[in-house]
Amino acid sequence: MGIKGLTKLLAANAPNSMKETTFESYSGREIAVDASTSIYQFLIVVGRNGTQMLTNDAGQVTSHLQGLFSRTIRLLEAGMKPVYVFDGKPPDLKKQELAKRHSKRMDASEYLAAAIESGVKEDIEKYSKRTVKVTRQHNEDCKKLLRLMGVPVVEASSEAEAECATLCKTGKVYAVASEDMDTLTFGAPIFVRHLMGSSRKFPVVQYEVAKILKELNLTMDQFIDLCILCGCDYCDGIRGIGGQTALKLVRQHGSIENIVEKISKVRYRIPENWPFQEARCIFKDPVVSVSDQNHVFEWITPDEEVLKNFLVNENGFNHDRVTKAIGKIKAANYRSSNRRLHSLKPWLRTSVPLKSKETKCQLGVPSAFLNPKMFSLQVYMHLRPKLLWPSVDELVRPVNLFLGVCKELALFSSYIHVSSSWSIFFLLFPFQALLLLYLMGLQAFFDMDAIGRLNKTKYECLLFDMDDTLYPMSTGINYACRKNIEEYMLQFLEIDASEVPRMCLELYKEYGTTMAGLKALGYGFDNDEFHAFVHGRLPYERLKPDPVLRNLLLSMPQRKIIFTNADKAHADQVLSRLGLDDCFEGIICFETLNPPFEPNSYEDEVYKCLSSEEPDYNLLFSDSERKADAIYDENDDSLLPKSQILCKPSLESMEAAIQIANVDPKKTIFFDDSVRNIASGKAAGLHTVIVGSSELVPGADLALTSIHNIKEALPEIWEEEEDQFEQVVQSTAVETVDVLA
DNA sequence: ACTCTCACTGTAGACGCG
DNA sequence: ACGCGTCC
DNA sequence: ACGTACAGTGAGAG
């Protein structure tokens with residue numbers, strides 16, 4: 001039911017918080033839409049004639065598909081980028097409200113039956129609408145349709161409105177379009193009503209939460225209390241108190257607790273066991289899906305064939321109509337991908353900071369004073385001898401070799417889940433296991449001998465992203481990091497608070513990291529200073545040592561290298577907290593790809609791949625010269641300033657990493673949690689594994705919910721030990737032969 | 001008289017043709 | 001501009 | 001084992 005009477009209350013008490021806009025003005029904007037309410041409306045109204053609805057051959061209702069299909073196309077054609085958010089589990093507090101609705105529907109069903117009996121058309125019409133219920137199947141149909149159309153779908157973990165609001169707060173969408181006033185209570189910064197009202201019965205209205213608070217002169221907490229008092233889905237208000245009185249009381253007393261204490265108990269009866277605090281919690285800290293802070297929504301081209309099959313063959317849509325509609329989606333996609341670059345322009349013109357420069361160098365150590373040695377390659381690439389086995393040299397005789405294997409296996413079985421049949425086998429029948437391994441070894445030796453010197457090694461190197469890959473997203477490090485970046489932009493770059501989240505994300509999207517984007521826009525801050533601020537006060541204590549992962553890593557025979565966009569200090573801190581310091585041969589980090597100065601001191605091959613970009617001379621130049629870097633051609637619409645920073649997901653960064661690590665991409669597996677990094681990793685020729693996702697994404701060869709599942713999902717990594725083993729055996733044999741010869 | 005609350009009821013898409 | 005039938 | 005919401009109305013309380 002949303003918040004009772006909030007529209008009126010705001011119209012009367014905060015008229016300036018709402019402004020009339022137009023449908024067209026949201027062109028180019030990402031808009032979150034609550035899917036359930038839309039589907040509900042479609043089911044009620046699309047193609048309804050009494051109890052008749054639009055159906056497919058199988059007699060299943062298709063009204064929701066019809067409605068959603070045309071509405072979404074309408075949005076796309078207007079240049080908007082819709083994100084549909086589906087409901088998750090409703091909070092427990094909402095149960096009673098839902099039960100009420102359920103019983104109402106049951107009543108309506110009875111009335112409907114009676115109406116059909118008596119044959120009164122209007123009653124049939126009326127009551128059949130009231131029995132409408134959005135089922136799981138409807139939801140699934142719609143998700144499928146949207147995905148085929150290339151439109152992003154979000155599954156909220158609880159209330160869709162809460163999820164929408166969070167998407168908006170974090171800048172992933174520009175606004176939430178809904179009719180539900182709850183959206184404001186959940187704190188969606190920009191909330192649009194009647195956006196879909198093609199009837200023009202109501203104009204499109206935009207609410208801004210910040211303006212509401214300002215005009216009502218309330219804090220967000222107080223506003224939430226106000227909404228609870230007005231009456232929300234989660235608990236009753238106080239009888240006799242509506243919007244007006246609630247506003248007065250909140251202004252006067254500040255919080256529900258105080259109001260309860262002060263108001264007349266004679267006149268107002270406070271409900272017993274009134275769960276207003278729980279309701280407050282739902283609004284204030286709603287359960288939302290823990291999504292990747294850096295995840296970027298994409299509106300991709302529709303899957304034409306499958307979409308046609310779904311609509312035409314399965315649901316009886318008119319073929320020509322669908323074909324025409326798909327054409328519209330494609331055209332809209334094409335236009336908006338061209339338009340995307342425009343969205344950064346406003347910041348280019350207005351945001352190049354002038355004042356912030358003076359204070360710039362006081363926070364961090366100017367890089368010029370840092371010891372150049374610190375940036376030599378060795379620091380970032382702790383090159384160690386390639387460690388394949390314990391004491392490889394000693395493995396002259398098979399027995400020694402098997403002792404090594406035993407060690408590894410013993411290590412495995414101590415922590416790997418029981419599912420590893422090898423480990424069990426080894427534990428139960430150590431002697432037999434040894435014998436079997438011995439035989440396998442001999443077999444491998446002879447196989448190898450037959451094949452000759454052909455190198456069978458499948459993987460030589462494993463390239464790991466660090467944050468959100470080696471430890472889960474839920475630690476909140478990523479979130480804290482983002483907050484710090486926003487804080488930095490606010491404090492030191494003097495960017496307007498209202499622009500920060502959105503700008504942050506846009507730059508991230510366009511340049512790979514927000515920092516790279518800021519640099520490209522001409523902000524001349526110091527890299528180290530930025531990193532120090534952003535990574536300085538992260539809640540590292542939340543990272544706990546991960547011995548399981550450590551053992552997994554140590555048991556992998558391949559080279560293992562970290563590839564992160566973060567700086568060295570952060571990488572060191574994280575790895576040390578996780579207890580993984582010594583698991584990696586090297587770290588490719590921000591400084592590796594963006595040497596502070598003296599790019600010449602780099603190895604030739606590294607420099608070669610960097611030289612296609614302008615080296616970052618930025619730090620050596622004066623402010624005015626730096627500003628000149630941001631100059632772009634006003635007349636060329638497609639040109640944005642190039643980033644001077646090399647980072648994922650650019651293909652150049654991938655190739656640079658491959659060169660620095662000196663690996664063959666075909667024999668390297670790249671682990672990352674970001675879809676676009678995976679895509680560009682694939683483009684660079686790497687094997688790719690998306691971590692933290694249960695579904696495959698474009699460009700990924702494999703999906704891992706957690707890095708801990710690596711052994712189950714990629715047994716090849718360990719199986720390769722046998723390959724390595726063959727190699728060792730063989731090379732040993734060859735050497736022996738040489739010696740003998 | 002006037003303000004406010006409450007309970008109840010009604011209504012809700014999108015397109016294209018003429 | 002509008003009403004009205006149609007979509008499946 | 002489930003899934004929506006506001007606007008308008010008029011009666012009645014204070």
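Chain naming here is simple, since letters A, B, ... match the order of the sequence lines and numbering starts at 1 in each.
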Look at [X] together with [Y] and state whether they make a salt bridge at an N to O cut-off of under 4.0 Å.
{"X": "A:Glu298", "Y": "A:Arg676", "answer": "no"}
{"X": "A:Arg502", "Y": "A:Glu30", "answer": "yes"}
{"X": "A:Glu140", "Y": "A:Lys143", "answer": "yes"}

Quiz item: What residue pairs, at least two apart or across chains, pass ring pair (Phe, Tyr, Trp, His ring centres under 6.0 Å) with a residue in residues 132-166 of chain A?
Solution: A:His64-A:His138
Exercise. Output every pair passing ring pair (Phe, Tyr, Trp, His ring centres under 6.0 Å) with a member in residues 210-264 of chain A, not counting sequence neighbours, ordered by first then second residue.
Key: A:Tyr234-A:Phe283
Self-check item: Nucleic acid contacts of residues 37-49 of chain A, taken as heavy-atom distances under 4.0 Å to DNA chain D
Solution: A:Thr37, A:Tyr40
Using the [atom1] atom as the point on both nucleotides, what is the distance between [M] and [N], in whole Å?
{"N": "D:dA7", "M": "B:dG13", "atom1": "P", "value": "14 Å"}
{"N": "B:dC15", "M": "C:dA1", "atom1": "P", "value": "16 Å"}
{"N": "B:dC8", "M": "C:dC8", "atom1": "P", "value": "41 Å"}
{"N": "D:dG14", "M": "B:dA1", "atom1": "C1'", "value": "13 Å"}
{"N": "B:dG16", "M": "D:dG3", "atom1": "C1'", "value": "33 Å"}
{"N": "B:dA12", "M": "C:dG3", "atom1": "P", "value": "14 Å"}
{"N": "C:dT6", "M": "B:dT9", "atom1": "C1'", "value": "29 Å"}

Exercise. Would you check if there is a donor-acceptor pair between the side chains of A:Thr301 and A:Asn333 at a distance under 3.5 Å?
Key: no
Practice problem: For A:Arg193 and A:Thr183, test the side chains for any donor-to-acceptor distance below 3.5 angstrom and give the result as yes or no. | Solution: no
For [X], what residues pass the side chain to side chain contact (heavy atoms under 4.5 Å, CB included) criterion, not counting sequence neighbours?
{"X": "A:Lys19", "value": "A:Thr21, A:Gln206, A:Glu208"}
{"X": "A:Pro152", "value": "A:Val83, A:Phe297, A:Trp299"}
{"X": "A:Thr37", "value": "A:Asp34"}
{"X": "A:Ser694", "value": "none"}

Quiz item: Between which nucleotides of DNA chain C, read 5' to 3', does contact with chain A run, using atoms under 4.0 Å from its heavy atoms?
Solution: C:dC7 to C:dC8
Please report, rounded to the nearest Å, how far the [atom2] atom of [N] is from the [atom1] atom of [X].
{"X": "A:Glu179", "N": "D:dA7", "atom1": "CD", "atom2": "C1'", "value": "12 Å"}
{"X": "A:His138", "N": "D:dC2", "atom1": "NE2", "atom2": "C1'", "value": "14 Å"}
{"X": "A:Lys133", "N": "D:dA5", "atom1": "NZ", "atom2": "P", "value": "16 Å"}
{"X": "A:Met181", "N": "D:dT4", "atom1": "CE", "atom2": "C1'", "value": "15 Å"}
{"X": "A:Asp141", "N": "D:dG3", "atom1": "CG", "atom2": "C1'", "value": "15 Å"}
{"X": "A:Asp182", "N": "D:dG3", "atom1": "CG", "atom2": "C1'", "value": "14 Å"}

Self-check item: Residue-level proximity of residues 300-329 of chain A to DNA chain C when a heavy atom falls under 4.0 Å
Solution: A:Asn315, A:Gly316, A:Phe317, A:Asn318, A:Arg321
Exercise. With sequence neighbours left out, write down each residue that passes ring-ring contact (aromatic ring centres under 6.0 Å, His included) with A:Tyr84, or none if nothing qualifies.
Key: none
Exercise. Tell me what A:Ser70 touches on the nucleic acid: a base, only sugar-phosphate, or nothing, going by heavy atoms under 4.0 Å.
Key: sugar-phosphate
Exercise. Could you check whether A:Gly59 gets within reach of a base, just the sugar-phosphate, or nothing at all, counting any heavy atom under 4.0 Å?
Key: nothing
Quiz prompt | Of all pairs that satisfy side chain to side chain donor-acceptor pair (under 3.5 Å), the ones with a partner from residues 258-275 of chain A, not counting sequence neighbours | solution = none
Quiz prompt | Glycosidic conformation of D:dA1, taking syn as within 90° of 0 and anti otherwise | solution = syn
Quick test: give all pairs of protein nitrogen or oxygen and nucleotides 5-8 of chain B nitrogen or oxygen below 3.5 Å, distance rounded to 0.1 Å.
from  : atom 1 : to       : atom 2 : distance (Å)
B:dT5 : OP1    : A:Gly242 : N      : 2.2
B:dT5 : OP1    : A:Gly242 : O      : 2.9
B:dT5 : OP1    : A:Gly243 : N      : 3.3
B:dT5 : OP1    : A:Thr245 : N      : 3.4
B:dT5 : OP1    : A:Thr245 : OG1    : 2.5
B:dT5 : OP2    : A:Gly243 : N      : 3.4
B:dT5 : O5'    : A:Gly242 : N      : 3.2
B:dC6 : OP1    : A:Gly240 : N      : 2.7
B:dA7 : OP1    : A:Arg239 : NH1    : 3.2
B:dA7 : OP1    : A:Arg239 : NH2    : 3.1

Quiz item: Would A:Glu24 and A:Met80 count as a side-chain contact (heavy atoms from CB on, under 4.5 Å) if you check the C-alpha gap in whole Å, the side-chain angles of each, and the deciding distance to 0.1 Å?
Solution: CA-CA 9 Å; A:Glu24 292 73 26; A:Met80 280 179 246; over 6 Å; no
Exercise. For A:Arg130 and for A:Thr7, locate the closest nucleotide of DNA chain D by heavy-atom distance; then report the residue assigned to the nucleotide nearer the 5' terminus.
Key: A:Arg130
Quiz item: Think A:Arg147 forms a cation-pi with A:Phe86, using NZ or CZ under 6.0 Å from the six-ring centre and within 45 degrees of its axis?
Solution: no
